[in-house]
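Below is one structure; the comments refer to it alone.
Naming: A, B, ... by sequence-line order, numbering from 1 per chain. Values below: every heavy atom of this structure, side chains too, minus hydrogens, waters and symmetry copies.
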Protein chains: 2
Amino acid sequence: MPTNKPTAESPAEPTAKRKPQVSASPERRRELLDTAAEVFAAQGYNATTVRKIADAAGMLAGSLYYHFDSKESMLDEILSAFLTELWQGYDTVLAAGLGPRETIEALVTESFREIDRHRAAVAIYQKESRHLSAQPRFHYLSDSQQKFEKAWLGTLERGVAAKVFRADLDIRLTYRFVRDTVWVAASWYRPGGQHSPEEIARQYLSMVLDGIAVRS
Amino acid sequence: MPTNKPTAESPAEPTAKRKPQVSASPERRRELLDTAAEVFAAQGYNATTVRKIADAAGMLAGSLYYHFDSKESMLDEILSAFLTELWQGYDTVLAAGLGPRETIEALVTESFREIDRHRAAVAIYQKESRHLSAQPRFHYLSDSQQKFEKAWLGTLERGVAAKVFRADLDIRLTYRFVRDTVWVAASWYRPGGQHSPEEIARQYLSMVLDGIAVRS
DNA sequence: TAACCTACCAAACACTTGTTAGGGAAGTGT
DNA sequence: ACACTTCCCTAACAAGTGTTTGGTAGGTTA
């Protein structure tokens, strides 16, 4: 109300800018993030233009910037939301004090549930996390991966010590084996298919634990 | 056979054009394709600019077009060269008339040898094949994947019929399981590491066939 | 010597990219 | 009636993209 300064370069202007970006309706935001995640997962992050996302959302490219301040922010939010929920589930399992085999079973089952609920995010994570984690903004991806390795590798080691897992296998190889076989499933899994996440988990566990060969 | 693109429309022009693109020294060509594959694998195809490739090759962006007629051609040549060699190995195995278990073992071993020799190409294939195969130019990726499924799935079915593989598992799940566990290894495998391809294959086969649990 | 070929450079081209600025329609509260 | 907010559009921007064109140093051949 006092003296207005239309001249450029006004130094201290606390006037509220035009972008809410976090305070607005969170449902629309989540809606847009879901469609963005779908496009990212289908085409790859770099191959996805903001215009394609806008197309899929039924609006124009510039309008996305009312909700988000960059394409990278969308990716960030998609991935961090997924990881937050993932670790919520994992931590519960790890704190339950189960035996090694039961822990592996619970982790695998939990993973397939996450794939079921965050299929797109998992697919993006799998494709892009390697070169994203070099960027400082996405360094939490590396952190998560380290926690991940610690949890799985530790459980496997416990299992070997307790003689419930074989001791004649390279345990790092085993870790990568189990980890990869679980997460790549996101590339072909479709929610609402023939098998429930729990059923897929059961079959995967049966294969990983007992093998596909007939026992003699 | 490499993808030949004569790009007709030039009826009979005695004046020699300026681009060899296939007839020139093939070693330099292969050299450039190798560095390009490395960058593609590290950064992703779409995130890789021709200037980055040129940088890695120690030349300028435009100079690449003396050897290749497009960025896409480089990708095409990398992938088709890999697949050609892969199927050479696979067909030999499949024609050997081995039993189901021995066929699986040979296929897995052959796969890890290919990963050893074409690590970059495999990584690219894994990341990009899904959305590339939609493009007509890369339709041979779909063809290859179908042949792939036929070979593996058929062998697994033979094994179930011969009672060397378990019959209580969903065979399509098993197929995807085995397939994925093999090829994702390209994302972490580094030639010259601790384990030879054959050693990795041995461990993988041991896990897949017999499981990681201790027999009771 | 001259002609020629190979393998590259320098500089630009047309287009796409993520992003921004200003505006406006529809709804809500007063 | 008015102001205000929400959510989107129109139209543009600068930077980066794949690609082309013309040129040229250096070697090979005649």
Checklist line | Gap between atoms CD and P, on A/E31 and D/dT6 respectively (whole Å) | finding: 18 Å
Check: Can you tell me how far P of D/dG18 sits from CD of B/E72, to the nearest Å?
Finding: 12 Å
Notebook entry, point to check: A/Y65 has an atom OH; how far is it from atom C1' of D/dC7, in whole Å?
Noted result: 17 Å
Notebook entry, point to check: Is there a side-chain polar atom (N or O) of A/S70 under 4.0 Å from OP1 or OP2 of C/dG18?
Noted result: no
Margin query: For B/T103 versus B/L98, what's the shortest heavy-atom pair and its separation?
Written below: OG1-O, 3.4 Å
Checklist line | Out of D/dT19, D/dC9, C/dT19, whichever nucleotide has its closest atom nearest the side chain of B/K71 | finding: D/dT19
Next item on the list: Round to the nearest Å and state the distance from B/D69 atom CG to D/dT21 atom P.
Entry: 13 Å
Check: Side-chain N or O of B/H67 less than 4.0 angstrom from OP1 or OP2 on C/dT6?
Finding: no
Check: Would one find a side-chain N or O of A/R28 under 4.0 angstrom from OP1 or OP2 of D/dT6?
Finding: no
Next item on the list: Give me the residues of residues 47-61 of chain B where at least one heavy atom lies under 4.0 Å from an atom of DNA chain D, by number, or none.
Entry: B/T48, B/T49, B/V50, B/R51
Margin query: Does either side chain, that of A/E199 or that of A/Q194, offer a donor lying less than 3.5 Å from an acceptor on the other one?
Written below: no
Margin query: D/dC7, OP1 or OP2 - any side-chain N/O from A/S63 closer than 4.0 Å?
Written below: no
Next item on the list: May I ask you to establish whether A/R179 and A/Y175 are in a cation-pi arrangement, using a distance under 6.0 Å from NZ or CZ to the six-membered ring centre and at most 45° from the ring axis?
Entry: yes
Notebook entry, point to check: Any idea which heavy atoms bring B/V178 and B/W152 closest together, and the distance?
Noted result: CG1-CZ3, 3.3 Å
Next item on the list: Considering just the side-chain nitrogens and oxygens of B/Y66, establish if one lies under 4.0 Å of OP1 or OP2 belonging to C/dA7.
Entry: yes
Checklist line | Whole-Å distance separating the CD atom of B/E27 from the P atom of C/dT6 | finding: 14 Å
Item checked: Polar side chain donor-acceptor pair, B/W183 to B/S111, under 3.5 angstrom -> no
Item checked: A/Y45 OH - C/dT17 C1' separation (whole Å) -> 12 Å
Margin query: Looking only at the aromatic ring of each residue, does the gap between the centers of B/F148 and B/Y90 stay below 6.0 angstrom?
Written below: yes
Next item on the list: Whole angstrom is fine here: how far is it from CG in B/L32 over to C1' in C/dT6?
Entry: 14 Å
Note to self: Without decimals, in angstroms, what is the distance between B/M74 CE and D/dT19 P?
What the structure shows: 8 Å
Next item on the list: Check whether the side chains of A/E149 and A/Q145 place a donor and an acceptor atom closer than 3.5 Å, and report yes or no.
Entry: no
